[in-house]
Amino acid sequence: MAGHVVVAGGGIVGRTIAVALASQSHIKVTLLAGPDPARDVRASAISAGGRRLFSRTGVWPALADKSQPVVSMAITDSRIDDAIRPEILTFEGGHGADAFAHIVHNDAIRAALAARCEDLGINETAESAVFYDEDETGVTVETDGGRALQADIIVGADGRTSRLRSIAGIGVIEKEYDQYGISGTISHARPHHGLATQHFLPAGPLATLPMMGEQSSLVWTERPGFARSMAEMDPMMASIEIERVFGLSLGRICVEPPLIAYPLKAMLARSYFAGRFCLAGDAAHVIHPLAGQGLNLGLRDAAALAELLIEAGRIGEDLSVALPRYEKWRRADATQMALVTDGLNTMFSRRSDILRAVRSIGLGLVDRRESLKAFFINEAAGLEGDVPRLMRGEAI
């Protein structure tokens with residue numbers, strides 16, 4: 001029994017699921033990619049586990065020369081007007097293919113996945129799934145192009161506002177943050193040497209992630225009004241504002257427009273499956289961006305789901321029996337990461353000198369204990385816990 005899977009959603013996670021299934025099995029995949037997405041100015045930190053997944057599925061060769069390894073990371077906790085920002089926690093991130101993360105433009109990831117889908121002959125359409133129905137033998141998926149597709153299961157990787165999640169009757173738990181994210185690319189006069197920085201400031205963290213050349217990706221959490229004004233600001237004035245907050249450790253900064261601003265929230269689906277339907281990526285979970293783990297959670301979804309579906313198909317089971325196993329495997333990881341990032345954001349965004357001193361002491365203790373640092377590095381690399389085979393670099 002091979003089976004047929006419809007994947008709804010042509011983003012990074014949806015395409016990763018399609019590529020993982022098609023490259024590791026004979027399961028038929030139909031990708032309802034939807035319309036072409038708008039340009040995405042953001043970049044993502046691909047964990048070591050994510051890189052292994054992409055390597056095993058044949059995606060990484062197209063990304064290798066477009067990715068910047070994170071050689072080291074430094075964390076500070078300070079006020080904006082502090083003349084000196086001492087590093088209270090540092091990590092060595094490894095070199096080249098051994099780095100715990102690589103920074104890659106989202107558009108480059110999407111392009112590499114699209115090319116790999118074409119190489120594998122995946123049946124792809126620009127249509128979107130608008131409805132589905134199921135019985136004991138399979139699902140019927142209706143598209144906005146008027147087609148009805150028959151399959152064993154359907155995967156909803158259609159984003160945080162997932163239409164299919166609503167159709168399946170799966171509720172969500174949400175938390176709105178009184179914060180916006182600011183994202184974009186900056187150029188700088190001095191080389192970053194592969195250093196990622198995270199400055200915890202009163203309104204939220206400001207991170208710079210090293211990219212190819214003398215550029216970095218900016219991920220900044222701020223007050224809603226300030227964030228919106230930054231996105232609308234002249235690039236030269238925005239560059240000056242970033243220098244004021246970030247400092248001149250990278251020399252003069254120049255914003256590569258546009259900057260984008262967007263509201264931040266956390267969201268967890270109450271269930272990851274319903275019958276022959278399951279959720280993956282942002283349709284299942286959205287977390288605060290301060291740890292840079294949102295996409296990596298989605299990649300772990302993709303690797304785990306592919307592994308379970310392929311194992312079920314190989315022993316002749318109905319593919320739908322894999323979905324409760326998938327929820328059991330993935331739900332705890334996503335819930336834990338959502339709680340950790342929410343707690344860190346709450347703790348570091350409070351304006352209190354006493355709390356700031358406690359934070360600094362705590363992080364300083366971590367900095368001096370190599371075993372703890374190794375644990376956090378492995379966690380960031382996606383190599384802790386029950387890791388799917390593809391993320392260990394193994395074939396399914």
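Counting from 1, the numbers follow the sequence of the chain as shown.
Of all heavy-atom pairs spanning Arg51 and His102, the tightest one is CD-CE1, 3.7 Å. Minimum heavy-atom separation, Arg228 to Tyr180: NH1-OH, 3.2 Å. For the residue pair Leu259 and Met230, the shortest heavy atom distance occurs at CD1-O, 3.9 Å. Taking both residues in full, the closest heavy atoms of Leu290 and Pro205 are given as CB-CG, 3.7 Å, listed atom of the first, atom of the second, then distance. Between His105 and Thr185, the shortest heavy-atom distance links the atoms CE1-OG1, 3.6 Å. Across all their heavy atoms, Gly11 and Arg110 have their closest contact at CA-NE, 4.3 Å.
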| Test log, rule side chain to side chain contact (heavy atoms under 4.5 Å, CB included), inputs Arg330 and Arg300 | CA-CA 8 Å; Arg330 293 298 308 135; Arg300 290 203 287 276; 3.6 Å; yes
| request: Start with the C-alpha distance between Arg116 and Arg15, add both sets of side-chain angles, then the distance that settles side chain to side chain contact (heavy atoms under 4.5 Å, CB included), and finish with yes or no. | output: CA-CA 9 Å; Arg116 186 61 177 142; Arg15 287 187 180 278; over 6 Å; no
| said: Using side chain to side chain contact (heavy atoms under 4.5 Å, CB included), reason through Thr221 and Tyr177 one step at a time and then give a plain yes or no. | reply: CA-CA 10 Å; Thr221 299; Tyr177 294 110; over 6 Å; no
| message | Run Tyr262 and Ser183 through side chain to side chain contact (heavy atoms under 4.5 Å, CB included) and show every step you take. | response | CA-CA 9 Å; Tyr262 45 92; Ser183 292; 2.6 Å; yes
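In this structure a side-chain-to-backbone donor-acceptor pair under 3.5 Å is present from Ser67 to Ala64. Side-chain atoms of Ser162 never come within 3.5 Å of backbone atoms of Asp158 as a donor-acceptor pair (strictly under, hydrogens ignored). Checking side-chain atoms of His288 against main-chain N and O of Val340 turns up no donor-acceptor pair under 3.5 Å. Checked by atom type and distance alone, the side chain of Glu127 pairs as donor or acceptor with a backbone atom of Gly145 at under 3.5 Å. Side chain of Glu222 to main chain of Ala203: no donor-acceptor pair is present (N/O by atom type, distance under 3.5 Å, no hydrogens or angles). The backbone N or O of Ile253 lies less than 3.5 Å from a partner atom in the side chain of Glu243, making a donor-acceptor pair. Formation of a donor-acceptor pair under 3.5 Å by the Arg392 side chain with backbone atoms of Val387 is found in this model. Under the 3.5 Å distance criterion, the side-chain polar atoms of Asp301 are left unmatched by any main-chain donor or acceptor of Ala304. The closest donor-acceptor contact from the side chain of Trp329 to the backbone of Pro388 lies at 3.5 Å or more, if one exists at all. Of the possible polar contacts, one joining the Glu327 side chain to the Tyr272 backbone as a donor-acceptor pair under 3.5 Å is found.
Placement of Ile17 and Val29 within a single hydrophobic cluster is found when ILVMFWY residues are connected by side-chain heavy-atom separations under 4.5 Å, directly or transitively. Note on Tyr326 and Ile170: separate hydrophobic clusters, where clusters join Ile, Leu, Val, Met, Phe, Trp and Tyr whose side-chain heavy atoms are under 4.5 Å apart, directly or indirectly. The hydrophobic clustering, which links ILVMFWY residues whose side-chain heavy atoms are closer than 4.5 Å, places Leu218 and Ile260 apart. Residues Val6 and Leu21 do not share a hydrophobic cluster, defined by chaining ILVMFWY side chains whose heavy atoms lie under 4.5 Å apart. Hydrophobic clustering (side-chain heavy atoms under 4.5 Å, transitive across Ile, Leu, Val, Met, Phe, Trp, Tyr) keeps Leu264 apart from Met337.
No side-chain heavy atom of Asp282 sits under 4.5 Å from any side-chain heavy atom of Thr161. The side-chain heavy atoms of Arg52 and Met391, taken from C-beta on, include no pair separated by under 4.5 Å. With a 4.5 Å cut-off on side-chain heavy atoms, Thr16 and Leu113 count as touching. For the pair Pro224/Asp178, a side-chain contact is recorded, criterion being any heavy-atom separation below 4.5 Å from C-beta on. At a threshold of 4.5 Å between non-hydrogen side-chain atoms, the residues Thr125 and Leu32 count as touching. At a threshold of 4.5 Å between non-hydrogen side-chain atoms, the residues Gln198 and Met73 count as touching. Between Asp333 and Asp386 the shortest side-chain heavy-atom distance does not fall below 4.5 Å. Side-chain contact between His193 and Val71 is absent, with no heavy atoms from C-beta onward closer than 4.5 Å.
Between Arg276 and the options Asp318, Asp133, Thr137, a side chain to side chain donor-acceptor pair (under 3.5 Å) holds for only Asp318.
Considering OG1 of Thr140 and CG of Leu149, their distance stands at 9.0 Å, rounded to 0.5 Å. Separating the CD atom in Gln215 from the SG atom in Cys254 is a distance of 9.5 Å, to the nearest 0.5 Å. Going from atom SG of Cys278 over to atom CG of Leu309 covers 7.0 Å, rounded to the nearest 0.5 Å. Atom CD of Glu307 sits about 12.0 Å away from atom OG of Ser25, to the nearest 0.5 Å. In this structure, OG1 in Thr197 is found 10.0 Å from CD1 in Ile75, a value given to the nearest 0.5 Å. Note: Ile242 CD1 to Leu206 CG = 7.5 Å, rounded to the nearest 0.5 Å.
The aromatic rings of Tyr132 and Phe277 lie parallel to each other, their planes meeting at an angle below 30°, with 60° marking the opposite boundary.
Side chain to side chain, Ser44 and Asn106 meet the donor-acceptor criterion of an N or O pair below 3.5 Å. A side-chain donor from one of Ser187 and Glu256 sits under 3.5 Å from a side-chain acceptor of the other.
Looking at Arg314 and Glu311, no side-chain N of the basic residue comes within less than 4.0 Å of a carboxylate O on the acidic one, giving no salt bridge.
More than 12 heavy atoms of other shown residues, nucleotides or ligands fall within 6.0 angstrom of atom CG in Asp144. Within 6.0 Å of CG in Asp65 there are more than 12 heavy atoms belonging to other residues, nucleotides or ligands.
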Donor-acceptor pairs under 3.5 Å, side chain of residues 231-239 to any protein atom, not counting sequence neighbours: which ones?
from: Asp234; atom 1: OD2; to: Met236; atom 2: N; distance (Å): 2.9
from: Ser239; atom 1: OG; to: Pro235; atom 2: O; distance (Å): 2.8
from: Ser239; atom 1: OG; to: Val255; atom 2: N; distance (Å): 2.8

